[in-house]
Amino acid sequence: MAAAAAAVAEPKTKYDRQLRIWGDQGQAALEKASICLLNCGPTGTEALKNLVLGGIGSVTVVDGSKVEQSDLGNNFLLDEGCLGQSRAKSICSFLQELNDAVKAKYVEESPATMIDTNPSFFSQFTIVLATQLPESSLLKLDSICRSANIVLVAARSYGLTGLVRVSIKEHCVIESKPDHSLDDLRLHNPWPELKQFAKSIDICDKDPVVHKHTPYIVILVRLAEKWADAHDGQLPSTRQEKREFKDLIRAHMLNVDEDNYKEAVESSYKVSVTPGISDEIRQIIDDSSSEVNLSSSDFWVLVASLKEFIANEGNGELPLEGTIPDMTSLTEYYVSLQKIYQAKAESDCLAIEHRVKSILKRIGRDPDSISRACIKTFCKNTRKLKIPQYGGGVQFSSPI
């Protein structure tokens, strides 16, 4: 039993640093991925090395060359003992030493020949990484990969310069991890439970401890309501109104050292968030792919359920993320706020889950074919969805 637990825990320890960056879902996707490298020169080998260390599921190297003297000067995975041997085999041996949990295979054949004679070979992979291929072979490979919906990454290096070209119809990203993201607090549109909790706290309480430790979320909900009552139900929108709203917050301070009120002033702009959803998310849910059928991907089924949620349970809003930032607060107030936000997020997620199951059943798929964990991750990241979409093939590029 202990050995089994250790076996489960080992990957968590092994990949701890990257799990902190892209989380369990990202690591799971990496471990399920299968990469094919065409030509294992220095560019391709360096790329594979990083993927293997990260825990990629499997790699297949296609290269018909033998190791030559020139390889030793530019490929750190080859040494003099490899001279005259299969370059693909030698590279795979060294990659396997880097991470024995990764399956590494090789095919001793020219990539150009493989493209011409065995195009179906590439359909088994998640990504095909083509390096130093001639244009004619690259264009053929692009057509093969696009018809099989396989990501093609074409890379070429010229000494210290190079380029990379990515060819894919679309790439749906749930956990985009933007550099900056506004906390999803819904201060512009608090739901009944949040309003009720805010009203249960007297922000004019003269007790210095209570007043000094009332969370800024409560302060803003209460004062935003007070502002709206005095302004025909409207929240501050102009620059002048926002300044006046900050003055209203400051007017409720009892002492200059009240950090919670300083936090309220600094976060007052969150009250003026535009209701509804962003243009970018609107573009995604209005995409024709959200009209799903049996061949639709899980992502578009989730988007279809999101579209229905916004029009019904969401009342024009996305599902709540359910987390709150750290803030000056009495512990009991903060814990209560956490529970209120988590309960709302869970309720929204359940509504999305019911709609996902209904849609799956409607299009003829197993209602349980999209896991609850996947739905929960989607709900937490609906404000950060990204879909880079591409028209043509390998003609678009990103220089490196």
Side-chain angles (χ1 to χ4, degrees), residues 178-278 281 314-345 347-348 380 382-384:
D179 292 334
H180 304 285
S181 180
L182 184 66
D183 294 319
D184 188 14
L185 301 180
R186 303 294 167 90
L187 300 180
H188 64 290
N189 186 20
W191 60 99
E193 291 79 7
L194 179 58
K195 282 184 177 181
Q196 184 178 355
F197 176 73
K199 286 182 178 179
S200 71
I201 300 174
D202 182 7
I203 61 172
C204 296
D205 194 317
K206 300 302 182 182
D207 184 322
V209 175
V210 174
H211 196 272
K212 191 174 182 178
H213 293 88
T214 299
Y216 80 75
I217 287 178
V218 171
I219 296 169
L220 290 178
V221 169
R222 294 292 302 276
L223 294 183
E225 185 176 30
K226 183 176 181 179
W227 173 278
D229 288 343
H231 293 81
D232 298 323
Q234 301 300 310
L235 293 172
S237 57
T238 67
R239 183 176 297 180
Q240 178 61 31
E241 288 176 340
K242 291 175 183 179
R243 279 199 294 264
E244 292 174 3
F245 184 62
K246 287 182 179 181
D247 291 338
L248 175 63
I249 297 170
R250 293 188 186 100
H252 280 72
M253 297 177 69
L254 295 180
N255 297 291
V256 294
D257 64 341
E258 293 181 318
D259 290 336
N260 58 333
Y261 275 85
K262 292 176 183 177
E263 291 170 351
V265 170
E266 292 171 357
S267 300
S268 61
Y269 66 93
K270 297 175 183 177
V271 167
S272 303
V273 171
T274 303
I277 62 177
S278 68
I281 301 303
N315 293 315
E317 297 275 6
L318 296 169
L320 188 73
E321 288 185 14
T323 57
I324 60 175
D326 191 19
M327 64 190 74
T328 302
S329 172
L330 292 173
T331 301
E332 61 185 277
Y333 287 169
Y334 188 79
V335 171
S336 295
L337 271 177
Q338 276 188 322
K339 290 179 178 178
I340 290 169
Y341 274 84
Q342 289 169 356
K344 170 64 172 169
S347 175
D348 288 352
K380 287 187 68 174
T382 51
R383 295 189 306 141
K384 306 162 191 171

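Quick caveat, the model's predicted, so the values are computed rather than measured. Note: hydrogens, waters and symmetry copies are ignored here, and every other heavy atom, side chains too, is used.
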Check: Val273 and Leu187 side chains under 4.5 Å, non-hydrogen atoms: no
One should read off an interatomic distance between Leu248 CG and Ile219 CD1, to the nearest 0.5 angstrom, of 11.0 Å
- Message: Using side-chain heavy atoms (C-beta onward) and a distance below 4.5 Å, is Tyr341 in contact with Leu337?
- Response: yes
Note, Cys204 side chain near His252 side chain (heavy atom, < 4.5 Å) = yes
Q) Taking C-beta and beyond as the side chain, do Val271 and Leu223 meet within less than 4.5 Å on heavy atoms? A) no
Here the gap from Leu220 atom CG to Tyr269 atom OH, rounded to the nearest 0.5 Å, amounts to 10.5 Å
Worksheet entry | N/O donor-acceptor pair under 3.5 Å between Asn260 side chain and Thr328 backbone | no
- prompt: Heavy atoms, side chains only, cut-off 4.5 Å: are Arg250 and Val265 in contact?
  reply: yes
CD (Glu317) and NE2 (His188) are apart, to the nearest 0.5 Å, by 4.0 Å
Would a 4.5 Å heavy-atom cut-off, applied to side chains only, mark Val218 and Ile203 as touching?
yes
* Where the side chain of Asp205 meets the backbone of Asp207, is there a donor-acceptor pair that is under 3.5 Å apart? -> yes
Interatomic distance, CG@Leu320 vs CD1@Ile340, rounded to 0.5 Å, equals 11.5 Å
- Query: What is the ring orientation for Tyr333 with Phe197, classed by angle as parallel under 30°, tilted 30 to 60°, or perpendicular over 60°?
  - Reply: perpendicular
Could you check whether Arg383 pairs with Glu321 (Lys NZ or Arg NE/NH1/NH2 to Asp/Glu carboxylate O, under 4.0 Å)? yes
Here the gap from Arg186 atom CZ to Ile217 atom CD1, rounded to the nearest 0.5 Å, amounts to 12.5 Å
Partner of Tyr216 under side chain to side chain donor-acceptor pair (under 3.5 Å), picked from Lys262, Lys270, Glu266, Glu263, is Lys270
Notebook entry, point to check: Hey, is the main chain of Glu332 close enough, under 3.5 Å, to the side chain of Ser336 for a donor-acceptor pair?
Noted result: yes
Do side-chain atoms of Ser272 reach the backbone of Ser268 as a donor and acceptor pair under 3.5 angstrom? no
So the salt bridge (Lys or Arg N to Asp or Glu O under 4.0 Å) pairs with at least one residue in residues 234-244 (sequence neighbours excluded) are none
Arg222 meets the salt bridge (charged side-chain N to carboxylate O under 4.0 Å, His left out) criterion, sequence neighbours left out, with none
Notebook entry, point to check: Any side-chain heavy atom of Asp183 within less than 4.5 Å of one from Pro325?
Noted result: yes
For residues 223-232, the salt bridge (Lys or Arg N to Asp or Glu O under 4.0 Å) pairs (sequence neighbours left out) are Lys199-Glu225
The reported gap from NZ in Lys195 to OG in Ser200 (rounded to nearest 0.5 angstrom) is 14.5 Å
